[in-house]
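First comes the structure, then the notes that go with it.
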Amino acid sequence: MVSSLESSIGSERRVLTELPGPASRALQERRHNVVSSSVAMGFPIYIDRAQGAILVDVDGNHILDLGSGIAVTGIGHAVPELVEAVSQQVASFTHTCFGVTPYESYVAVCEELAALTPGTHEKRSALFNSGAEAVENAVKIARHATRRSAVIVFDHAYHGRTNLTMALTAKNMPYKDGFGPFAPEVYRVPMSYPFRDGLSGADAAARAIAEIESQVGAQNVAALLIEPVQGEGGFIVPAAGFLPALSKWTTDHGVVFIADEIQSGFGRTGEWFAVDHEGVIPDLVTTAKGLAGGMPLAGVTGRAEIMNAVHEGGIGGTYGGNPVAAVAALAAIRVMRDRNLVMRARELEAIMLTSLNALARDVTIIGDVRGRGAMIALELVEPGTTIPHATAAKAIVKYCNDHGVIVLSCGTAGNVIRLLPPLVITDEQLADGLEVLAEAVRDVN
Ligand code: PLZ
């Protein structure tokens, strides 16, 4: 069954109808009658099936996926190992609640997280359903372990949409507007943003630390929470030395350093975790997205003494570490290892940077090309300035969508185009997608 699916989909982009096509438009009508208009609407083609880097919609269009469902399906779609593992698990049992009666796959995922996350210290993990839930629990654990309350976050940060994680997230629209009051004891400090601040990592860290010390006081800080490469905020890679300086400061002051690796983790940046590029060892790491190849699973992993500081039963949930999601994670990790997808992310980086840097030399609206691994972005500006150019980003996304390529925008100002291809994308597929993107940029320029 799996092989017939593969052969029927193939690896090429193929647009047969206008997009969205008639069958998608009919579903869109139904959606409008029953789905809340508050739910985001990206590219309303309805997906029927998918394989590798290709999504097939209900009109039979073959769409090239350079978004991976926001950095989730790094191993690609319909991966036989994952299909097999999930199918078998569904047939065995789908749920018991790990807190009621446990099962092996939860333990095995925690063993993998202990082995893969940075550092050789004793680690413990707890599993959850979503990224926001992992971040929220990491903060709960850090507060409990330190008996302090303040949490430090950064400009442009994205950590989720629950009440606490909205407070941690920097951007008002669409995430926070009208949803307050927000959780207290959250303090925001400047991020290192080389394209816009021109500061060295050390200077940017000194600026952030000075604000923390004067406005909050190190002794009140439970946790410093940071995305080592920011995702929704614009694929901002901090200047070298920024993360190590912050990490040292947290160690010196008994503050829990939490790396939110939900978007940047699991091979995406060409290391298992983005902090690995600078040898930073976080106290806690949050994971989700790429962890389980598309099944909902998230984790908090970190120093045993911090993770075990909470009383038994203090952390949990009905579905956290669900067995179907857990076996999917074990399969996804196996596939990543077997196919050396972490190294593949580096190859994708080289291909994307070469192509996009060449494009940037030809056009006036690209201010910056940046990123790590298969997490690469274009920051768009008004020609000859650094003024964010959000309308260009919108137009580029639309052009790509019209031509059957999924690309996503991001950035506090909405002026960044991000590429998050599945790590299994072929060279030919990526070249095709980059060609469409280049046409889009030239069209808008
Ligand atoms: N931390 C770093 O990137 C999720 C958000 C999509 P959840 N990013 C995609 C949207 O518009 O809601 C994310 C992230 C980082 C936390 C999260 C939250 O993960 O699984 O969406 O809760």
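One-based numbering, in listed order, for ligands and for the atoms of each. As the structure is a prediction and not an experimental result, all values here were calculated from the model.
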- Task: Ignoring hydrogens and angles, state whether a donor on the side chain of Q230 or Q263 is under 3.5 Å from an acceptor on the partner side chain.
- Result: no
- Quick one: which residue pairs count as a ring pair (Phe, Tyr, Trp, His ring centres under 6.0 Å) with a foot in residues 184-209, not counting sequence neighbours? H156-Y193
- Item | Inter- and intrachain pairs under ring pair (Phe, Tyr, Trp, His ring centres under 6.0 Å), touching residues 291-348, at least two apart | H95-Y319, H144-H311
- Query: If every non-hydrogen atom of P296 is compared with every non-hydrogen atom of A325, which pair is closest and at what distance?
  - Reply: O-CB, 3.3 Å
Looking only at heavy atoms, is any part of [X] under 4.0 Å from ligand 1, and if so is it the side chain, the backbone, or both, or is it neither?
X: R161; answer: side chain
X: H159; answer: backbone
X: S130; answer: both

- Query: Does E261 have a non-hydrogen atom less than 4.0 Å from ligand 1?
  - Reply: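 Flag not set, E261 not near ligand 1.
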- Message: Looking at ligand 1, is there an atom of it that comes within less than 4.0 Å of some heavy atom belonging to G231?
- Response: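 Per 4.0 Å heavy-atom rule, G231 does not contact ligand 1.
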- Query: Which of the atoms of ligand 1 are close to A132, meaning less than 4.0 Å from one of its heavy atoms?
  - Reply: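 What qualifies from ligand 1 is 7 (P), 18 (C), 19 (O), 22 (O).
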- Query: When only distance counts, is I262 in polar contact with ligand 1, meaning an N/O pair under 3.5 Å?
  - Reply: no
- Message: Under 4.0 Å from atom 7 (P) of ligand 1, can you find at least one protein heavy atom?
- Response: yes
- Message: Tell me whether R418 is salt-bridged to E232, with the criterion being a basic N under 4.0 Å from an acidic carboxylate O.
- Response: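 A salt bridge links R418 with E232.
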- Note on the structure: side-chain contact (heavy atoms from CB on, under 4.5 Å) with L127: of V300, T287, L113, only one passes, and it is L113
